[in-house]
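Notes follow the structure.
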Amino acid sequence: MSTAQSNMTNDLGRPVPYLPHAISVSMPAWEDNRGFAEGHPRVLDALTTGYPRFMHHESVKLLARICEEKFGNPGERCMVWSSAKAAETQRSFLLTHSPSPIAVRTALHVLSSPTQKTCDAKENTNDDQAPGNHELFPNQRLELHMVFFPTDEETFALAKKGWSYTGNGISSRRADTCLEILGAASRDPVAGRLLSTTSSTPGTPSDGSSGSSVESLPDELSRRQTTLLVQCDEQPLPYAEAKQALRQRIARALA
């Protein structure tokens with residue numbers, strides 16, 4: 001194993017595999033695992049990603065911040081959900097379990113593929129979209145289902161419980177698609193670095209971004225991900241060689 005591969009495996013909190021949407025992280029030492037279970041800041045602060053129910057991806061957090069700035073009122077915080085039904089479930093959860101009366105509202109913002117215009121945000125009154133995350137096809141509407149609630153930490157902690165209990169929060173890949181349409185760059189979970197971009201989509205994100213968009217995932221990004229997985233002498237292998245090396249590793253594991 002090369003030095004680069006060893007460092008990639010041994011860095012506490014680093015995604016495994018080292019991909020933008022990985023949900024596992026490296027915990028190389030027993031004390032790291034114990035520290036995670038006991039909630040030690042040394043371990044928790046080092047985590048760059050995690051299981052989506054319990055740790056929000058950087059793209060999900062960025063999308064929520066943009067929604068707060070574009071559609072929120074002063075003193076409101078936002079979470080984005082996968083469907084109208086999921087958003088309404090979260091609203092009911094907050095109203096039911098909050099120890100004191102709070103103001104919670106849902107809102108809908110309709111995005112579109114680059115061939116469509118973006119609609120204005122409006123109060124969410126429909127409940128006919130089934131839960132789940134789907135790919136955006138040309139001319140297919142993409143809806144942001146938002147829940148706004150007070151910014152105090154007690155309410156936010158309760159909102160995170162609702163997120164983890166249902167598992168119906170927006171996925172990181174869908175958040176990336178929304179950010180692309182909004183003209184905002186998604187973020188690598190490691191150190192919050194911007195992911196590379198190759199094109200732009202008209203939009204006016206309220207976070208002051210330059211309007212660059214997320215690179216199309218299926219082809220070029222998959223090539224970069226493959227070469228990151230397989231390295232030789234600290235240098236990425238050519239794509240064809242990296243792909244063959246991965247196939248050989250999988251074959252040996254299955255033998």
Side-chain angles (χ1 to χ4, degrees), residues 15 19-25 36-37 39 44 47-73 75-111 121-137 140-182 184 186-187 189:
L19 301 176
H21 300 283
I23 62 173
S24 298
V25 294
F36 174 75
L44 298 183
L47 302 182
T48 56
T49 188
Y51 191 60
R53 283 179 182 254
F54 307 113
M55 189 170 183
H56 293 191
H57 190 276
E58 288 295 326
S59 294
V60 172
K61 292 191 287 187
L62 176 59
L63 180 61
R65 289 198 299 271
I66 292 175
C67 290
E68 289 168 0
E69 295 175 3
K70 291 178 71 71
F71 312 120
N73 297 323
E76 286 186 330
R77 197 160 186 167
C78 177
M79 284 185 175
V80 186
W81 297 80
S82 59
S83 69
K85 184 176 181 180
E88 180 58 33
T89 297
Q90 174 73 347
R91 188 185 77 89
S92 298
F93 176 83
L94 291 173
L95 293 175
T96 300
H97 295 282
S98 175
S100 59
I102 57 174
V104 184
R105 67 184 180 94
T106 61
L108 170 67
H109 180 64
V110 181
L111 299 173
K122 63 181 180 179
E123 290 301 312
N124 185 359
T125 57
N126 74 76
D127 190 36
D128 56 358
Q129 180 176 334
N133 295 304
H134 308 283
E135 296 294 332
L136 181 66
F137 296 96
Q140 177 186 357
R141 298 195 333 165
L142 182 62
E143 299 178 346
L144 289 178
H145 299 279
M146 298 167 281
V147 176
F148 291 93
F149 50 88
T151 58
D152 63 276
E153 290 302 318
E154 184 178 20
T155 302
F156 183 54
L158 183 62
K160 288 195 295 184
K161 287 184 178 180
W163 181 282
S164 64
Y165 290 164
T166 65
N168 285 330
I170 191 170
S171 72
S172 58
R173 287 180 175 84
R174 192 168 191 178
D176 277 354
T177 302
C178 295
L179 291 170
E180 178 180 1
I181 295 173
L182 288 168
S186 63
R187 291 186 178 272

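Keep in mind it's a predicted model, so treat the numbers as computed, not measured. Computed over heavy atoms, backbone and side chain alike; hydrogens, waters and symmetry mates excluded.
- Here the side chains of Arg105 and Asn73 are in contact, with some heavy-atom distance below 4.5 Å.
- A 4.5 Å side-chain heavy-atom check between Pro99 and Glu154 finds at least one atom pair inside the cut-off.
- Considering all non-hydrogen atoms of both residues, Ser24 and Thr49 come closest at O-CG2, 3.9 Å.
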Determine, step by step, whether Trp163 and Met79 satisfy the side chain to side chain contact (heavy atoms under 4.5 Å, CB included) criterion, reporting the C-alpha distance in whole Å, the side-chain angles of both residues, the deciding distance to 0.1 Å, and the verdict.
CA-CA 9 Å; Trp163 181 282; Met79 284 185 175; 3.8 Å; yes
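- Relative to the six-membered ring of Phe148, Arg77 misses at least one condition, a distance below 6.0 Å or an angle of at most 45° to the axis.
- The CD atom of Glu143 lies 10.5 Å from the SG atom of Cys178; values are rounded to the nearest 0.5 Å.
- Interatomic distance, Leu62 CG to Leu179 CG, rounded to the nearest 0.5 Å: 5.0 Å.
- Using a cut-off of 4.0 Å between Lys/Arg side-chain N and Asp/Glu carboxylate O, Glu58 and Lys61 are scored as salt-bridged.
- Using modelled atom types and a 3.5 Å distance limit, the side chains of Asn168 and Ser82 yield no donor-acceptor pair.
- Applying the side chain to side chain contact (heavy atoms under 4.5 Å, CB included) test between His57 and each of Pro52, Ser171, Ser172 identifies Ser172 as the sole match.
- Looking at every heavy atom in both residues, Ala64 comes nearest to Cys78 through CB-O, 3.6 Å.
- Using a 4.5 Å heavy-atom threshold, the side chains of Val147 and Val80 count as separate.
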Check the pair His97 / Leu158 against side chain to side chain contact (heavy atoms under 4.5 Å, CB included), numbers first and verdict last.
CA-CA 8 Å; His97 295 282; Leu158 183 62; 4.0 Å; yes
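- If you take OG on Ser59 and CD1 on Ile170, they are separated by 10.0 Å, rounding to the nearest 0.5 Å.
- Inter-residue side-chain proximity for Leu182 and Leu63 is flagged as met; some heavy-atom pair is nearer than 4.5 Å.
- Between the CZ atom of Phe149 and the OG1 atom of Thr106 there is a distance of 13.0 Å, given to the nearest 0.5 Å.
- Considering only heavy atoms from C-beta on, Tyr165 comes within 4.5 Å of Phe93 through its side chain.
- A donor-acceptor contact shorter than 3.5 Å links the side chain of Ser164 to the backbone of Lys161.
- Using a 4.5 Å cut-off on side-chain heavy atoms (C-beta onward), Met146 and Trp81 make no contact.
- Between Pro150 and Ile102 the shortest heavy-atom distance is CG-CB, 4.0 Å.
- Between the side chains of His21 and Asp176, at least one donor-acceptor pair of N or O atoms lies under 3.5 Å.
- Remark: the backbone N or O of Thr151 is not paired with any side-chain donor or acceptor of Thr155 at under 3.5 angstrom.
- Of the charged side-chain nitrogens involved, at least one lies within less than 4.0 Å of a carboxylate oxygen, so that Arg91 and Glu88 count as a salt-bridged pair.
- By the 4.5 Å heavy-atom criterion applied to side chains, Val110 and Leu142 are not counted as neighbours.
- Within the 4.5 Å cutoff, side-chain heavy atoms of Met55 are placed close to those of Leu47.
- Looking at His145 and Ser83, their side chains never bring a donor and an acceptor atom within 3.5 Å of each other.
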